[in-house]
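Only one structure is covered here, and it is reproduced in the block below.
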Amino acid sequence: FQAGKALIELSRGEAIVGIVTGSLKAANLKERVRGFMDAVKRESNIRILDMQDSNISRIQSAAVAYAMMNEHPKLDTFFGTSALDALGIAQMLEDAKKNDAEPLRKPRIIGFDDLPETIELVDKGVIDATVVQQPYQMGTVGVELMLDYLKGNRIVTVYNTDARVLRKSDLPEDGGG
């Protein structure tokens with residue numbers, strides 16, 4: 001959901017989107033796609049043109065993004081659902097630049113997770129935004145829930161921890177990488 005809200009803000013509600021997802025079958029990645037779609041569904045000028053599987057591979061993500069750019073010349077935004085998808089999309093753009101096949105306009109890239117290279121690419125403006133999970137909170141809450149369960153307390157079966165969107169403006173002045 002956070003990624004979709006970020007796209008609405010970045011695009012002012014107008015975008016032609018390709019989704020690169022690590023897997024079409026993994027429950028967590030399906031949830032990320034569903035949240036994205038839920039966030040943008042009321043935006044009449046945001047269209048999802050394509051969704052392809054990257055097999056959670058940076059190389060496959062780059063190949064899928066390249067194929068999408070060729071098949072859909074008006075595509076102006078990518079959403080990558082796994083940690084490697086945005087990196088692969090960014091790599092595709094870099095490779096295109098090296099081969100003088102650079103797209104007329106740099107597409108927006110919205111990714112997921114905060115690998116050091118992702119943060120560096122956010123700082124450079126290559127990746128426009130990334131959704132960042134809170135692993136410390138995930139671990140802490142997980143242990144607390146387990147302890148409550150072991151004490152015989154009833155616990156919720158699904159517990160969502162916080163996520164936030166990280167943009168270049170959120171990074172320190174000296175860069176995030």
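Excluded from the calculations below are hydrogen atoms, water molecules and symmetry mates; all remaining heavy atoms, backbone and side chain alike, are included. Bear in mind that the values here come from a model prediction, so they are computed numbers and not experimental data.
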Heavy-atom pair with the smallest gap, counting every atom of [X] and [Y]:
| X | Y | value |
| --- | --- | --- |
| A86 | G111 | CB-CA, 3.7 Å |
| L87 | E117 | CD2-CG, 3.9 Å |
| I110 | A6 | CD1-C, 4.4 Å |
| D50 | H72 | OD2-NE2, 3.3 Å |

Considering only heavy atoms from C-beta outward, does the side chain of [X] approach that of [Y] to under 4.5 Å?
| X | Y | answer |
| --- | --- | --- |
| L24 | L29 | no |
| Q133 | F112 | yes |
| M92 | M69 | yes |
| E31 | N28 | no |
| S61 | L84 | no |
| F79 | D85 | no |
| T21 | Q52 | no |
| V33 | M51 | yes |

Under 3.5 Å, is there a donor-acceptor pair between the side chain of [X] and the main chain of [Y]?
| X | Y | answer |
| --- | --- | --- |
| D113 | L115 | no |
| K106 | V126 | yes |
| D76 | P107 | no |
| K168 | G125 | no |
| S11 | L7 | yes |
| T77 | V17 | no |

Show the numbers, then the answer: is there a salt bridge (Lys or Arg N to Asp or Glu O under 4.0 Å) between K124 and E120?
CA-CA 6 Å; K124 290 180 178 178; E120 183 179 320; 3.2 Å; yes

Between [X] and [Y], is any side-chain donor less than 3.5 angstrom from a side-chain acceptor?
| X | Y | answer |
| --- | --- | --- |
| N45 | E43 | no |
| T81 | R32 | no |
| R58 | Q91 | yes |

Please walk me through it: do R167 and D128 pass salt bridge (Lys or Arg N to Asp or Glu O under 4.0 Å)?
CA-CA 6 Å; R167 298 171 188 81; D128 298 279; over 6 Å; no

Worked verdict on I19 versus I48 for side-chain contact (heavy atoms from CB on, under 4.5 Å):
CA-CA 8 Å; I19 299 174; I48 312 299; 3.8 Å; yes

Apply side-chain contact (heavy atoms from CB on, under 4.5 Å) to M37 and F1, showing your working.
CA-CA 8 Å; M37 302 286 255; F1 196 79; over 6 Å; no

Applying the 4.5 Å side-chain criterion to the ILVMFWY set and letting contacts propagate, would [X] and [Y] be lumped into a single cluster?
| X | Y | result |
| --- | --- | --- |
| V156 | V141 | yes |
| I119 | I109 | yes |
| L93 | M68 | yes |
| V40 | L10 | yes |
| L121 | V20 | yes |

A quick test of your reading: do over 12 heavy atoms of other residues, nucleotides or ligands sit less than 6.0 Å from CG of L147?
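Yes, enclosed.
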
Should the heavy atoms of other residues, nucleotides or ligands under 6.0 Å from CZ of R47 be counted, would the total exceed 12?
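12 or below, so no.
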
Using 0.5 Å steps for rounding, measure from the CD1 atom of I155 to the CE atom of M146.
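If I round to the nearest 0.5 Å, the distance is 10.0 Å.
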
Nearest 0.5 Å, what's the CZ-CD1 distance between R108 and I127?
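Rounded to the nearest 0.5 Å, the CZ-CD1 separation comes out at 15.0 Å.
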
Set out, in order, the CA-CA distance, both residues' side-chain angles and the distance that settles side-chain contact (heavy atoms from CB on, under 4.5 Å) for V165 and V132, then state yes or no.
CA-CA 6 Å; V165 175; V132 177; over 6 Å; no

